[in-house]
**Q** 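Provided herewith is a single structure, encoded as C-alpha cells, for subsequent inquiry.
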Protein chains: 2
Amino acid sequence: MSPVEGATPVAAAGATAVAKGIPEATVARLPGYLRALNHLSDNGVATVSSGDLADEAGVNPAQLRKDLSHLGSYGTRGVGYSVAYLRFQIGREIGSAVDWPVIIIGVGNLGTALAQNADFGSRGFRVVALVDTNSALVGTEIDGLTIEHQDDLRRTLRDSGARIAVITTPPDSAQAVCDELVACGITSILNFAATVLSAPHEVTVRKVDLGQELQILAYHEQRKLDGLWPADDDVVAVVAGEAP
Amino acid sequence: MSPVEGATPVAAAGATAVAKGIPEATVARLPGYLRALNHLSDNGVATVSSGDLADEAGVNPAQLRKDLSHLGSYGTRGVGYSVAYLRFQIGREIGSAVDWPVIIIGVGNLGTALAQNADFGSRGFRVVALVDTNSALVGTEIDGLTIEHQDDLRRTLRDSGARIAVITTPPDSAQAVCDELVACGITSILNFAATVLSAPHEVTVRKVDLGQELQILAYHEQRKLDGLWPADDDVVAVVAGEAP
DNA sequence: CCGCATTTGTGCACACGTTCACAAGCTCCT
DNA sequence: AGGAGCTTGTGAACGTGTGCACAAATGCGG
Ligand SMILES: NC(=O)c1ccc[n+]([C@@H]2O[C@H](COP(=O)([O-])OP(=O)(O)OC[C@H]3O[C@@H](n4cnc5c(N)ncnc54)[C@H](O)[C@@H]3O)[C@@H](O)[C@H]2O)c1
Ligand SMILES: NC(=O)c1ccc[n+]([C@@H]2O[C@H](COP(=O)([O-])OP(=O)(O)OC[C@H]3O[C@@H](n4cnc5c(N)ncnc54)[C@H](O)[C@@H]3O)[C@@H](O)[C@H]2O)c1
C-alpha cells in the first residue's frame, strides 16, 4: 500500500496505528491473533488467509478481518496476510514489542506459580520484582529474584522499573495494596483477589476471578442436568476472556 | 410478593426461575452479586438497596436491577432487597446451592495452587480428583487427595463423580485432554492453557489466559506512555472477566 | 387515613458488537 | 493482455447490552 515496501516487514511501520479508538472488544482479541500467528510461524507458514487464521484463533473470519482493519490494511487481496508482517504489526500495536516489567504483590500459592511461569517471557513480559508482607518469605529467592518487603514497595518499584502490577494477596488486603500501588504511580493492575477494586479512572484494572468462571460453568452445567438440554438449539460452546 | 413468605427464605423457592433465557452478560455478573451479598451478610447487613449493592459489586444500579429482574421480583419497593433471600435465589439460579465436584488435569505449578486454594470451597466447589501423566507425581498426595494417572481418567471420573474439569496442562496437551474428557461425558471445562479448544457445541468451554490479560493491560499502558493520555476524556478503568 | 419519601421494576433509546454479503483488488494462467 | 478465481476490506443489517427516566408500589409519620 505504501509506495515502497521492502521484503522486510519492518520498513513500513507507521505511528501507533490510527492513533485513536480501537474498540475494546477488538483489543481483547488481538492477543489471541498474535498467539495464533506465532503458532503458524513456528510451523513454517508464511502466508495465511483470514479463514485459516480465524479457525486457529477461534473466531469468525469476518470478525477477524474487521478487527484487523482497525489497525490498517495489512493484507493482500487474493492472497491473504503475511504471517511475519501481521505479527509485527499486531505486536507493535498492543505493545508486545517491548519486554514489559511486571511486579507481583503477594507471593503465596498463586503468586509463586505465576513467578515461575515461563509462559510470560514468550509473551513479552518479565517478572522483575516480588513483594510480600510475610517476613518468613522476605529475603528468600524464586528463580533468582529476591522477595522484598511490602514496606519497601516504593523503592522496589523505582529500582525494578515495573510498569504493570499483579495482585495475588488475600481479598482483604487487595484494596490497600491497590491504593499503595496507585500512590506510587502504577497505572496498570491485574487483580486475582476476589474483590472489586476502586481506583482512579486513569488506572486500568483488570480482574481474573477463578471462582466466578467456575460459577458460570456451574450455571450452564446445572441447566443441562435440569433437562433444559438440549431443549433449544442455540450455540453454547462459549469461549470467554472478557465478557461475551 | 408470594402470599405467604416466612422469615426463612427457603419457603418460596420456585422452579429454576424463568426456565429459559437469562442473558449471558447477566449470568457473568451474578457470581459477583453473590460475592457482594456474602460480604454484606458477613457484616450483619440484613437489607440492601440496589444502589448500595451495585457499589459493592462495581456496577451500575440500573444494570443490577435489570439483571435481578431476569430472575424474578425479589425486592421490595421503597425498601430494597433482603440479603439472605436474594443470596438464596441467586445461589439457586447459578447452581451454587450444591457442592460441585471438580477435577484438575495437570498438577504442575498452577494445578497445585488451584488444588490448595481454599477459596473454591466457600464458593460451592470441591476438588475431588487430581490427574497427571508424570509418574513421579502419580501416587503422591495434595491436601489428602491422591494424584491419579491420566490413563485411568475414565475410572477416576466415574469414581469421583466430577462434573467440571479444569485443564492446567501445557498447551500442547490441552486439546488431547479435552477430547478425552468429552469422550468420558464431561460437558463443562475451564481451560488455563493458552490454546483454543474445539469441542462439540453442547460442551461449555471457558478460557482463562493470563498472558492475554497482561497483553490487554500492556496495550493501555503503552497508550498512556505514548502521550495519548489523557488526551480524551472517556473512562478507561476497565474491569473484565468475561468478555465483553 | 393520607401524603411523602424512597426504591423497585421496566419501557425506551442509544451504543456497541457481530455477521452477512459484495465490490474492489490481487495473482496466476492461458 | 485478459479473464478466472480468490481473498480482503467494508457498508449495512441485525442482535445484544447498557443506562436513563419514570410509573408503580411500599413504608412511615403525622
Ligand atoms: N491459589 C489459587 O489457585 C487461587 C484461585 C483463585 C483465587 N485466588 C485468589 O488469589 C489470591 C492469592 O491466593 P493464594 O492461594 O496465593 O493465597 P496465599 O494465602 O497462598 O498467598 C497470599 C500471599 O499474600 C501475602 N500477603 C498478604 N497480605 C499482603 C499485603 N498486604 N501485601 C503483600 N502481600 C500480602 C501473604 O503473605 C501470602 O504470602 C487470593 O485472593 C485468592 O482468593 C487464588
Ligand atoms: N503457572 C502459571 O502461573 C500459568 C500462567 C498462565 C498460564 N499458565 C498455563 O497453565 C498451564 C499449566 O501451567 P503450569 O505452570 O502449571 O505448568 P507445569 O509445567 O508446571 O505443569 C503442567 C503439568 O501438566 C502435566 N501434564 C502434561 N501433559 C499432560 C497430559 N496429557 N495429561 C495430564 N497431565 C499432563 C505435567 O506432568 C505437569 O505436571 C500451561 O498451559 C501454562 O501455559 C500457567
Side-chain angles (χ1 to χ4, degrees), chain A residues 1-2 5 17-18 20-30 32-33 45-55 57-83 85-86 89 232 234-244, chain B residues 1-2 5 17-18 20-30 32-33 45-55 57-83 85-86 89 234-236 238-244:
Chain A
M1 202 125 250
S2 47
E5 179 179 301
V18 199
K20 188 145 194 272
I22 293 180
E24 192 60 29
T26 295
V27 171
R29 279 186 297 265
L30 290 179
Y33 301 156
V45 179
T47 299
V48 68
S49 70
S50 65
D52 291 348
L53 184 53
D55 279 351
V59 301
N60 183 297
Q63 177 126 267
L64 173 73
R65 291 200 298 274
K66 177 144 290 188
D67 283 341
L68 294 184
S69 77
H70 287 116
L71 314 190
S73 289
Y74 298 137
T76 307
R77 296 162 125 108
V79 179
Y81 302 88
S82 154
V83 172
Y85 186 54
L86 187 56
Q89 288 296 345
D232 39 27
D234 55 348
V235 178
V236 171
V238 177
V239 179
E242 86 332 80
Chain B
M1 201 122 247
S2 48
E5 178 179 302
V18 198
K20 189 146 193 273
I22 293 180
E24 192 60 31
T26 296
V27 171
R29 278 186 295 265
L30 289 179
Y33 301 156
V45 179
T47 299
V48 69
S49 70
S50 64
D52 291 348
L53 185 53
D55 278 352
V59 301
N60 183 297
Q63 177 124 269
L64 172 73
R65 291 200 298 275
K66 178 148 291 188
D67 283 341
L68 294 183
S69 77
H70 287 117
L71 314 190
S73 289
Y74 298 136
T76 307
R77 291 164 183 232
V79 178
Y81 301 89
S82 154
V83 172
Y85 186 55
L86 188 55
Q89 288 296 347
D234 55 348
V235 178
V236 170
V238 177
V239 180
E242 131 151 14

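Residue numbering restarts at 1 for every chain, and letters A, B, ... go by the order of the sequence lines. Scope of the values below: all heavy atoms of this structure, side chains included, with no hydrogens, waters or symmetry mates.
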**Q** Between A:Val79 and A:Ala62, which is nearer to the 5' end of DNA chain D once each is assigned its nearest nucleotide?
**A** A:Val79
**Q** Measure from the side-chain N and O atoms of A:Thr76 to the backbone N and O of A:Val79, and report whether any donor-acceptor pair falls under 3.5 Å.
**A** no
**Q** Output the rounded distance in Å from CZ (A:Arg77) to P (D:dG5).
**A** 20 Å
**Q** Using a 4.0 Å heavy-atom cut-off across all strands, classify A:Pro23 as base, sugar-phosphate, or nothing.
**A** sugar-phosphate
**Q** Within this structure, what is the CD-to-C1' distance between B:Gln63 and C:dA15, rounded to whole angstrom?
**A** 13 Å
**Q** Nearest 0.5 Å please: distance from the NE2 atom of A:His70 over to the CZ atom of A:Arg65.
**A** 13.5 Å
**Q** What is the distance, to the nearest angstrom, from the CZ atom on B:Arg65 to the C1' atom on D:dA24?
**A** 13 Å
**Q** Rounded to whole Å, how long is the line connecting atom NE2 of A:His70 with atom C1' of D:dG9?
**A** 11 Å
**Q** Can you find an N or O donor on one side and an acceptor on the other, under 3.5 Å apart, linking the side chain of A:Lys66 with the base of C:dT18?
**A** no
**Q** Check A:Thr47 against A:Val83 and note the closest heavy-atom contact, atom names and distance.
**A** N-CG2, 3.9 Å
**Q** Can you find a side chain N or O atom of A:Ser50 that sits less than 4.0 Å from OP1 or OP2 on D:dT7?
**A** no
**Q** Taking only the side-chain heavy atoms of B:Tyr81 (C-beta and beyond), determine which of D:dT10, C:dT8, D:dG19 contains the nearest atom.
**A** C:dT8
**Q** Between C:dT8, D:dG9, C:dT19, which nucleotide has the shortest distance from any of its atoms to the side chain of A:Ser73?
**A** D:dG9
**Q** Can you check the A:Leu64 CG to C:dT18 C1' distance for me, whole Å?
**A** 13 Å
**Q** Any chance you could measure A:Tyr81, atom OH, to A:Ser73, atom OG, to the nearest 0.5 Å?
**A** 8.5 Å
**Q** Among D:dG17, C:dG17, C:dT10, which nucleotide sits nearest the side chain of B:Ala25?
**A** D:dG17
**Q** May I ask you to evaluate whether A:Asn60 reaches the phosphate of C:dC20, defined as a side-chain N or O under 4.0 Å from OP1 or OP2?
**A** yes
**Q** Nearest heavy atom decides the nucleotide; on that basis, is A:Thr76 or A:Asp67 closer to the 5' end of DNA chain C?
**A** A:Asp67
**Q** From CG of B:Leu86 over to P of C:dT8, roughly how many Å is that when rounded to an integer?
**A** 11 Å
**Q** With a 4.5 Å cut-off on side-chain heavy atoms, are B:Tyr33 and B:Leu64 touching?
**A** yes
**Q** Could you state the atom-to-atom distance from CD1 of B:Ile22 to C1' of D:dG17 in whole Å?
**A** 15 Å
**Q** Can you check the A:Glu24 CD to D:dG17 P distance for me, whole Å?
**A** 17 Å
